[in-house]
Amino acid sequence: MGPLLLRGGIVDGRSQDVALRDGRIHRIGPGLAADGHDVLDISGRLVLPGFVESHIHPDKAYIADRTHGLRAGGPTPQTLVAELKRQFTADDIYRRARRVVEEAVRHGCTAMRAHVEIDAFVELRGVEAMRRLQQDVAGAIDLELIAFAQEGIENDGVTQDLLREALKAGLKTLGGCPYMDRDQRGHIDWFFETAEAFGVPLDFHADSADDPALLTSDYIAEQTIARGMQGRVTVGHLCMLDVMAPDARRRVVDLLREAQIHVISLPATELHVKARADASRTWRGITRIGEMREAGLNVSISTNNIVNPFTPYGHPDLLRQALITAMVAHLGNLDQLAWLPELITVNPARAIGLEDYGLAAGCRADLVVLDAADAAQAITEQAEKLYVIKGGRVVARNTRVSELALGA
Ligand SMILES: [Zn+2]
């Protein structure tokens, strides 16, 4: 296939052509000449930059059928998965993770930053599998890997060394999980020191519970500023902010903004895991997405878990996460639906540091064409992703067929 011309798509709210050449967006405008291009007629169809998964766990995907589900008072998902991880082989991880990546590409994802668990249970088998996958799918998706301490770093004698080993092997981000250790601040300090030593950005799972006394995102923000790492630190979950008093929350949000922390909300997992034992009011566990966006924070949403005890119905379709977010975060008014795609495109691209990303001449030709005229319709109808384009090449083409027989 030669250079592509997308004819008549909806770009920035109006009908325009998009010419792709040498893996980049060459031009955007009405009535572009087709010379030398293969033409795809996408008249009236919404064009967005490729979707970006900024927080996802392919290494522990598709294992829900290997254990039992969650129940009030029962074992946590961490406990259930930790036991299963001992049995993971690199090939097993590779096969399951590849299925995640294939589904993600099919659903419009062109870049993904994935957590790779490193601990005494799975050691470096996830790193081995995910690095192999990263190379095998390089033409279809940018797959970046986080060396992630899901089990904490205080609970065994090997995780700290294994994390350093993974960074030496080329993983480009370091991921902490303070709530898995007793000394949360000690945990956070170790991650900042190690990130500084290796010159890598940080990504924390933090403040996942509902007791503000355990808050850590304020400390993470303070450390980010003190160490000059503004813009290089990401925090996922932040569920705790939802239960804080508005004044206290505002102080934390101001601090996060000052530290230029990137926030990632994980709505599907929060809905499945949180508040199982609440007998009166069921806390939804979603952080204050709209409020934080309005305060000027870079906020994204991501899929997180795929068919495991953390989210048995998890599926790497970010358009689905956009609909869930509209429902659970009170962001479903038409004006809000219009900007919700930012949370799965430009914002996560910024969070994970993608360069030359977006819908403009010179940007990488990573696009998704949706069978809808605008974002509200795309989210509401969960529109088909007609074309997924990576580096100027169509990597997924999808159609949806239905037959109606309504009678005369
Ligand atoms: Zn996660």
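Since this is a predicted model, take the numbers as computed values, not measurements. When a ligand or atom number is given, it counts from 1 through the structure's own listing order.
Inspection of the environment of the Zn ion (ligand 1) yields the following protein N, O or S atoms under 2.8 Å: H55 NE2, H57 NE2, H205 NE2, N304 OD1.
Using a 4.5 Å heavy-atom cutoff, the side chains of T67 and L84 are in contact.
Atom CD of E294 sits in a sparse spot, with 12 or fewer heavy atoms from other residues, nucleotides or ligands closer than 6.0 Å.
Note that CZ of R7 and CG of D41 are 8.5 Å apart. Values are rounded to the nearest 0.5 Å.
In this structure, the side chain to side chain donor-acceptor pair (under 3.5 Å) partners of D242, at least two apart in sequence or on a different chain, are W283, R288.
Look at E102 and R98 and you find a salt bridge, because one of the NZ, NE, NH1 or NH2 atoms lies within 4.0 Å of a carboxylate O, short of that distance.
Partner of L40 under the side-chain contact (heavy atoms from CB on, under 4.5 Å) criterion, chosen from L6, L386, V18: L6.
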